[in-house]
Amino acid sequence: MQKIFANTEQWLEFDRAHLWHPYTSIRDPLPCYPVVAARGVRLELADGRQLIDGMSSWWSAIHGYNHPVLNQALQEQMQQMSHVMFGGIAHPAAAELGKRLVDITPAGLDYVFLADSGSIAVEVAIKMALQYWHGKGQAQKNQLLTVRGGYHGDPFACMSVCDPVNGMHHIFKGVLPQQYFADKPRVKFHEQWQQQDILSLQQHIEQHHQTLAAIILEPIVQGAGGMHFYHPEFLRQARKLCDEHGLLLIFDEIATGFGRTGELFAADHAQVSPDIMCLGKALTGGTMTLAATLANDRVADGISQGEAPVLMHGPTFMANPLACAVACASIDLLLQSDWRSNIQRLERALQNGLAPARDNPGVADVRVLGGVGVIEMREPVQAADLQEKLVARGVWVRPFGKLVYAMPPYISNDDDLATLCAAMVDAISN
Ligand code: PMP
């Protein structure tokens, strides 16, 4: 690539003036940190500073950056083909990945749609549910039920099932499909289950099942909607209610998949199989954009009986071979490792490291599940100021709202984790 910009200042200035960043003003953007390389668990800034990564690039880079095994998989695939259309063409990388996903996901999820990003996997899941009922001759069953506090992505169908307040539904009033929202699950992961926690979901189902296609949930961890860890029994009860009323159950495992919560999939905490499941983020170890929507026999049959009778979706970069190849390598790396005890090690390190934050009167809660550690403040943080303090302490953590949280790469060693946690605890105090 021929370089247009002579130095960091020049390209950063262009970035600041012309490039939209996530949820950022184009006129008055918050500062961005120039990263020029990433190796292992370290991000390298343009001035040579190294930051310990606490975010895994939003849950994705579970094996750290620039991993030789993942790089090799990419290089080998590149020699064959980087991309080829999936319409009317099959390729071995997609089959290799499909087989792995069918084998490791909860029982019955045997049919795989390889999408190009997490939110598109959610769109496909919603479309599958709607086409299923269309195929059954019940097209009026076209609404979704979810819980408050959720997040499923930014396209319109995804947004319609994000928390109505955090998700800014009022901006898109009249455009977003109208869905139903039950209360957020209250009983926390480690607390004693209370049956009343499911009542709101149950009432919504009883009232609206005639127009409901499916329930969609982030299992166990509500991520971007608040980093809330809820009780596995909620999922078992949701499965039971879906079965009683014939509804489909969709799990969005885009953030939780591939070991992050201590089980391979969050659904495994409850031993529940959904009818449709979405995967993304860590699927390629954070190297390429790829996601998957898996469905069971019931869904596949329903869609196939429909008027179409095909699934009406087919993006240009569907099943991109590079992404599929590196996803296979990432899954193999994970499964060949002692991932369960490694995540337990991360969990202990995050628990020990973040515990001192409890002494800070500004802290409302400190919670850890698997490789996810959260400090919840009583008041929203000044994101840019806090970010600066964290960077000054040598770590990359991106706070939002009241949350200062980390989900570090699985390869983080104990020293890295201790430094990361100490920086978080210190930055919120000083
Ligand atoms: N669902 C969940 C649970 C997510 O956390 C995200 C990403 N933050 C998405 C869907 C959307 O995925 P993507 O950003 O890859 O489109």
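Values below: all heavy atoms of this structure, side chains included; hydrogens, waters and symmetry mates excluded. Quick caveat, the model's predicted, so the values are computed rather than measured.
- Checked by atom type and distance alone, the side chain of R186 never pairs as donor or acceptor with a backbone atom of D197 at under 3.5 Å.
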Item to check | Verdict with reasoning, F86 to H91, per ring-ring contact (aromatic ring centres under 6.0 Å, His included) | outcome: CA-CA 8 Å; F86 209 50; H91 58 76; 5.4 Å; yes
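- Using a 4.0 Å cut-off between charged side-chain N and carboxylate O, E376 and R367 make a salt bridge.
- Defined by atom type and a distance below 3.5 Å, a donor-acceptor pair is present between the side-chain atoms of S56 and R260.
- Around atom CD of E388, no more than 12 heavy atoms belonging to other residues, nucleotides or ligands sit under 6.0 Å away.
- A centroid separation of less than 6.0 Å is found between the aromatic rings of W396 and Y33.
- Judged by distance alone, the side chains of D154 and Y23 do bring a donor and an acceptor atom under 3.5 Å apart.
- In this structure, a donor-acceptor pair under 3.5 Å is absent between the side chains of Q140 and T211.
- The aromatic rings of H204 and H208 are tilted relative to each other, their planes meeting at an angle between 30° and 60°.
- The pair D426-K389 does not meet the salt-bridge criterion, since no charged nitrogen lies less than 4.0 angstrom from a carboxylate oxygen.
- Defined by atom type and a distance below 3.5 Å, a donor-acceptor pair is present between the side-chain atoms of Y111 and D297.
- A salt bridge between K184 and D163 is absent, with no side-chain N of the basic residue lying under 4.0 Å from a carboxylate O of the acidic one.
- I62 CD1 to S330 OG: the interatomic distance, rounded to the nearest 0.5 Å, is 4.5 Å.
- Taking a cutoff of 4.0 Å between a charged side-chain nitrogen and a carboxylate oxygen, R49 and E44 do not qualify as a salt bridge.
- With 3.5 Å as the limit, one finds no donor-acceptor pair spanning the side chains of N320 and D116.
- Atoms OG1 and NZ, on T293 and K127 in that order, are 11.0 Å from each other to the nearest 0.5 Å.
- A donor and an acceptor atom, one from each side chain of D338 and S341, are located under 3.5 Å apart.
- No side-chain donor from either of Q80 and E76 sits under 3.5 Å from a side-chain acceptor of the other.
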Item to check | Criterion ring-ring contact (aromatic ring centres under 6.0 Å, His included) on H269 and F189, from CA distance to verdict | outcome: CA-CA 10 Å; H269 287 288; F189 185 84; 5.1 Å; yes
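- Under the 4.0 Å criterion applied to side-chain N and carboxylate O atoms, D332 and R100 are assigned as salt-bridge partners.
- Below 30°, between 30° and 60°, or above 60°: for H83 and F317 the angle between ring planes is between 30° and 60°, a tilted geometry.
- In this model, a donor atom of one side chain and an acceptor atom of the other lie less than 3.5 Å apart for E233 and Q237.
- Under the 30°/60° scheme for interplanar angles, the aromatic rings of H231 and W193 are found to be tilted.
- For the residue pair Y405 / R398, no side-chain donor-acceptor distance below 3.5 Å is found, with atom types taken as modelled.
- If you check the side chains of Y132 and D275, you find no donor sitting under 3.5 Å from an acceptor.
- A donor atom on one side chain and an acceptor atom on the other are not found under 3.5 Å apart for Q79 and Q75.
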